[in-house]
Amino acid sequence: MKFKNKEQVKRWFRSLPVLTHELKLKIDFYTELSEIVAKMRDEKRKKDLAFYLEQINILRDQLLQASEDANQLMACLDPDERLVITAKYLRRMSWDSLECKLYYSRRQAFRIQARAFEKMINHEVKELIAA
């Protein structure tokens, strides 16, 4: 997906923490299932185990891709832009918390965010879709 405007960039960053959390939960779920099935001696369960392990690998690949995409996008930013985007979208800080912790006024943080999003337009990332 190629970002065409700031709103697409913002939506992508807003969905990143939710997707990351969802993928980690699914990985944990399939890991637990695979551990249970691995203890069983039933031949039929070997197919189930292979399926669960395959799902874990797919989910880990998606998690890695999302992380690589975020790192690629952040690489084009200045340090102050990276700081604001990381605080707001990856650490999910409120604007009030951001003001207190980063010592930027809200207006200044908005300008930094807008500048960062502007730089990310025309960059390509994979769609954020949980399996």
Side-chain angles (χ1 to χ4, degrees):
M1 148 180 188
K2 190 172 191 174
F3 295 129
K4 295 179 181 133
N5 55 49
K6 292 181 199 177
E7 195 56 40
Q8 285 182 328
V9 177
K10 184 188 275 188
R11 266 188 266 128
W12 189 88
F13 269 100
R14 279 186 177 159
S15 65
L16 185 61
V18 174
L19 175 87
T20 300
H21 184 69
E22 182 181 344
L23 289 173
K24 287 178 181 178
L25 286 173
K26 287 181 177 182
I27 289 169
D28 290 345
F29 172 73
Y30 282 117
T31 300
E32 286 178 30
L33 283 177
S34 65
E35 289 169 358
I36 291 168
V37 170
K39 292 177 185 175
M40 297 178 181
R41 305 253 182 232
D42 187 356
E43 278 299 311
K44 180 181 174 266
R45 299 293 175 204
K46 286 185 180 180
K47 276 187 180 178
D48 294 339
L49 181 60
F51 173 77
Y52 298 148
L53 295 176
E54 180 183 341
Q55 291 304 306
I56 291 169
N57 288 333
I58 290 169
L59 293 166
R60 283 186 179 148
D61 289 345
Q62 289 177 342
L63 193 58
L64 181 62
Q65 183 63 53
S67 177
E68 288 174 358
D69 286 344
N71 288 337
Q72 174 194 9
L73 288 171
M74 298 294 257
C76 73
L77 304 178
D78 296 334
D80 59 335
E81 295 164 344
R82 270 194 307 274
L83 187 61
V84 169
I85 298 301
T86 299
K88 181 64 184 159
Y89 295 99
L90 303 180
R91 298 189 135 230
R92 303 185 89 179
M93 292 174 87
S94 68
W95 288 112
D96 292 332
S97 296
L98 198 139
E99 281 181 284
C100 293
K101 300 214 180 193
L102 301 185
Y103 305 110
Y104 290 125
S105 70
R106 187 177 298 232
R107 184 67 231 147
Q108 188 178 10
F110 285 157
R111 283 194 297 269
I112 292 169
Q113 173 192 260
R115 193 172 68 222
F117 286 166
E118 191 68 40
K119 286 182 179 179
M120 292 181 203
I121 293 173
N122 292 324
H123 280 78
E124 286 194 47
V125 295
K126 298 280 186 188
E127 279 291 331
L128 293 179
I129 301 171

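Here ring-ring contact (aromatic ring centres under 6.0 Å, His included) pairs that include residues 64-100, with residues two or more places apart or in two chains, are Tyr89-Phe117, Trp95-Phe110.
Two residues are said to be in side-chain contact when any heavy atoms from C-beta on lie closer than 4.5 Å; Lys10 and Gln113 meet this criterion.
Judged purely by atom type and a 3.5 angstrom limit, Ser34 uses its side chain to pair as donor or acceptor with the backbone of Tyr30. With Asn5 contributing its side chain and Glu7 its backbone, the two residues share a donor-acceptor pair below 3.5 Å. Checked by atom type and distance alone, the side chain of Asp69 never pairs as donor or acceptor with a backbone atom of Val125 at under 3.5 Å. Although no hydrogens or angles enter the test, the distance criterion places no donor-acceptor pair under 3.5 Å between the side chain of Glu81 and the main chain of Leu77.
A pairwise comparison of heavy atoms in Phe3 and Met120 identifies CD1-O, 3.6 Å as the closest pair.
Partners of Asp96 under the side chain to side chain contact (heavy atoms under 4.5 Å, CB included) rule, at least two apart in sequence or in another chain, are Ser94, Glu99, Arg106. Lys39 pairs by the side chain to side chain contact (heavy atoms under 4.5 Å, CB included) definition with nothing, not counting sequence neighbours. For Lys101, the side chain to side chain contact (heavy atoms under 4.5 Å, CB included) partners are Met93, not counting sequence neighbours. For Glu68, there are no salt bridge (Lys or Arg N to Asp or Glu O under 4.0 Å) partners two or more places apart in sequence or in a different chain.
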Which donor-acceptor pairs under 3.5 Å do the side chains of residues 45-52 make with protein atoms, sequence neighbours left out?
unit_1: Arg45; atom_1: NH1; unit_2: Asp48; atom_2: OD2; d: 3.0
unit_1: Lys46; atom_1: NZ; unit_2: Glu43; atom_2: OE2; d: 3.2

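Across Ile58, Ile27, Leu19, a single residue satisfies side-chain contact (heavy atoms from CB on, under 4.5 Å) together with Leu63, and that is Ile27.
Remark: Leu83 CG to Asp78 CG distance equals 12.0 Å, nearest 0.5 Å. The CG atom of Leu59 lies 10.5 Å from the CD atom of Glu54; values are rounded to the nearest 0.5 Å.
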